[in-house]
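Notes follow once the structure below has been shown.
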Amino acid sequence: MARQLEGEFDYIIVGAGTAGCIAANRLSADPRNRVLILEAGGKDNWIWFHIPVGYLFAIGNPRSDWMFKTEPEPGLNGRSLSYPRGKVIGGSSAINAMISMRGQAADYDHWRQLGLTGWGYDDVLPVFKRLEDHFLGASAHHGSGGGWRIEAPRLSWAVLDAVAEAAVEMGIRKTPDFNTGDNEGVGYFHVNQKRGRRWSSARGFLKPALNRPNLRLETNVLTDRLIVENGRAVGVRFIQNGETIEARTKGEVILCAGSIGSVQVLHRSGIGPADWLKPLGIDVVLDKPGVGRNLQDHLQQRAIYKVSGVKTLNETYYNLFKRGWMGVDYALRRRGPLTMAPSQLGIFTRSDSRRDRANIQFHVQPLSLDKFGDPLHRFPAITVSACNLQPTSRGTVRVRSATPDEKPSIAPNYLSTDEDREVAADAIRTTRRLMKQPTLTKYHPEEFLPGPSVGDDDASLAKAAGDIGTTIFHPVGTAKMGAASDPMAVVDERLRFRGIDGLRVIDASVMPTITSGNTNTPTAMIAKKGAAMTIEDRR
């Protein structure tokens with residue numbers, strides 16, 4: 001028998017990640033709204049949630065990461081990938097790359113062309129601006145005074161400056177700002193930091209609101225399922241400290257658990273494809289074939305090049321004196337390598353001349369390692385990762401059982417289309433061309449991965465992409481927005497669930513197509529816009 005949580009709430013938010021923190025802040029701003037937010041993780045009271053380089057310790061750590069893995073992927077030659085997702089207030093914004101990236105205006109205009117009124121670039125740009133507290137100040141492209149702090153990086157590397165010059169030699173223009181609607185160009189990423197500390201959504205939005213008496217946060221909560229009565233979501237059942245508890249709402253339940261978590265809750269609630277749920281013994285409340293389909297992610301080809309005659313983090317880290325100085329520099333000035341995002345230099349370009357806009361993104365790092373969680377290599381090297389910004393492959397997320405703590409099946413289906421395999425091959429060719437530019441000659445770049453033995457033909461490069469490809473942690477689309485005529489649409493353009501009243505999904509899962517760049521900032525925009533629509537619809 002479940003215990004009833006005292007009181008009735010106007011809004012119950014499932015997930016205190018990027019989206020949930022922003023939604024909770026906005027919905028609780030009206031003191032008449034009683035808001036409950038449930039988070040499976042704990043408080044962000046660990047130093048590595050706040051020092052930017054802490055992602056190296058947070059990713060792959062069960063304290064902060066759900067520790068998901070994909071199914072063995074045919075497109076990756078049978079490999080299974082770790083699939084990090086944040087498990088703490090702030091969610092993935094507490095462990096991610098901190099890169100501030102909206103994508104391209106064409107991404108959102110495409111959403112509008114799909115029949116999603118209010119989601120074109122002209123519609124979402126004001127939301128991005130209201131969200132921001134940008135170091136460049138208020139302008140046609142940016143805002144100031146919002147909760148989402150954005151700053152310039154606090155260190156530079158000569159080798160990255162040289163890679164930027166090599167990109168210019170290839171014909172790619174320099175850009176001081178990727179977030180003007182067209183991100184084609186080369187430049188340094190802006191980051192979600194404040195004076196050398198990570199700026200998560202918990203820090204920017206949730207914590208400032210927690211002193212409000214109408215906002216209640218419950219942590220270490222595993223949400224089991226929704227309570228649906230007469231076709232309406234009226235509450236949530238969750239487990240905390242081994243006890244089953246139910247919370248009720250007279251308003252709405254809002255799923256903000258992300259492209260993996262929101263699907264799990266819906267499936268356990270009997271909402272999803274009936275042919276997936278019935279074999280698991282889950283009673284079907286609503287046969288909704290789109291829940292858990294349409295998974296999209298950015299796959300990166302992590303090329304590694306050995307270099308000489310220039311400093312990288314690899315050999316710096318293994319020098320005990322220099323490693324000690326990193327800590328001193330951070331303690332005294334909040335500068336140096338401890339402020340580093342995983343990637344510092346970005347390049348957006350086209351994999352071939354037929355493309356009408358940038359379709360590959362490079363993340364360039366002054367370091368190399370086999371994979372996150374592994375030690376840095378002992379030789380000087382840089383990583384030049386290229387990812388397909390507009391993949392056509394689609395995957396799935398589905399529960400394996402009705403048991404709340406069982407990890408889901410995640411099958412991104414990478415490189416399953418001819419177009420994606422072609423772009424992957426072209427991206428490696430583009431990487432090789434970049435590294436052969438005259439500016440880099442003095443550093444003697446030597447291809448370590450995929451390696452000089454890999455030929456330049458399509459078949460060899462497609463196989464190499466499968467060998468070295470890995471997720472860049474951008475799962476979206478598993479509960480997509482769509483028009484009423486779209487049988488796979490899960491929510492409408494106001495993020496209301498199609499077929500269940502009193503239920504909304506506000507997170508990255510609602511993206512119909514993935515944005516052309518890192519997905520955390522678009523998720524924050526969706527949360528800001530979705531919370532505003534929730535308030536408007538109640539009036």
Going by atom types alone, do S509 and D507 pair a side-chain donor with an acceptor below 3.5 Å?
yes
From I245, I12, V14, residue fulfilling side chain to side chain contact (heavy atoms under 4.5 Å, CB included) relative to F238
I245
Does the distance from a Lys or Arg side-chain N to an Asp or Glu carboxylate O, for E151 and R149, drop under 4.0 Å?
yes
Stepwise salt bridge (Lys or Arg N to Asp or Glu O under 4.0 Å) check, E252 with R504:
CA-CA 7 Å; E252 293 188 30; R504 229 175 271 250; 2.7 Å; yes
Looking just at side-chain N and O atoms, do D122 and Y108 make a donor-acceptor pair shorter than 3.5 Å?
no
If you measure only the distance, is there a donor-acceptor pair under 3.5 Å linking the side chains of H474 and N520?
no
For H377, run the side-chain hydrogen bond (donor to acceptor under 3.5 Å, both in side chains) check against T312, D370, T383, N314 and tell me which one passes.
D370
In the structure I gave you, are the side-chain heavy atoms of I89 and R203 within less than 4.5 Å of one another anywhere?
no
Taking atom types as modelled, find out whether H141 and T180 have a side-chain donor-acceptor pair closer than 3.5 angstrom.
no
Can you confirm whether D30 sits close enough to N214 that some side-chain heavy atom of one is under 4.5 Å from a side-chain heavy atom of the other?
no
Between the side chains of S409 and E71, does any donor sit under 3.5 Å from an acceptor?
yes
Against the six-membered ring of W66, is K407 placed for a cation-pi contact (under 6.0 Å from the centre, within 45° of the normal)?
no
Specify the closest pair of heavy atoms between A479 and V505, including all atoms of both residues, with the distance to one decimal.
CB-CG1, 4.5 Å
Assess K528 against W148: is NZ or CZ under 6.0 Å from the centre of the six-membered ring, and within 45 degrees of the ring's axis?
no
Of the non-hydrogen atoms in L389 and F348, which two are nearest, and what is the gap between them?
CD1-CD2, 3.7 Å
Side-chain donor-acceptor pair under 3.5 Å between N96 and R198, yes or no?
yes
Should D107 and Y121 be marked as a side chain to side chain donor-acceptor pair (under 3.5 Å) after you check the CA-CA gap, both sets of side-chain angles, and the distance that decides it?
CA-CA 8 Å; D107 298 329; Y121 187 67; over 6 Å; no
Pair E6-R216, salt bridge (Lys or Arg N to Asp or Glu O under 4.0 Å): steps then yes or no
CA-CA 12 Å; E6 70 275 9; R216 177 171 177 174; 2.9 Å; yes
Ignoring hydrogens and geometry beyond distance, is a side-chain donor-acceptor pair present between Y188 and D161 at under 3.5 Å?
yes
Going by distance alone, is a donor N or O of one side chain under 3.5 Å from an acceptor N or O of the other, for Q240 and E218?
yes
Check the side chains of S516 and Q390 for a donor-acceptor pair under 3.5 angstrom, ignoring hydrogens and angles.
yes
Taking all non-hydrogen atoms of both residues, which atom of L295 and which atom of P412 are closest, and how far apart?
CD2-CA, 3.7 Å
Testing the 3.5 Å rule here: is there a donor-acceptor pair between the side chains of W111 and T513?
yes
Any side-chain donor near an acceptor of the partner, Q361 and N518, under 3.5 Å:
yes
Under 3.5 Å, is there a donor on one side chain and an acceptor on the other for H134 and N179?
no
Strictly by modelled atom types, are S343 and H363 linked by a side-chain donor-acceptor pair under 3.5 Å?
yes
Side chains of R212 and S28: do they bring a donor and an acceptor to under 3.5 Å?
yes
Establish, yes or no, whether the cationic atom of R197 lies under 6.0 Å from the six-membered ring centre of F49 and within 45° of the ring axis.
no
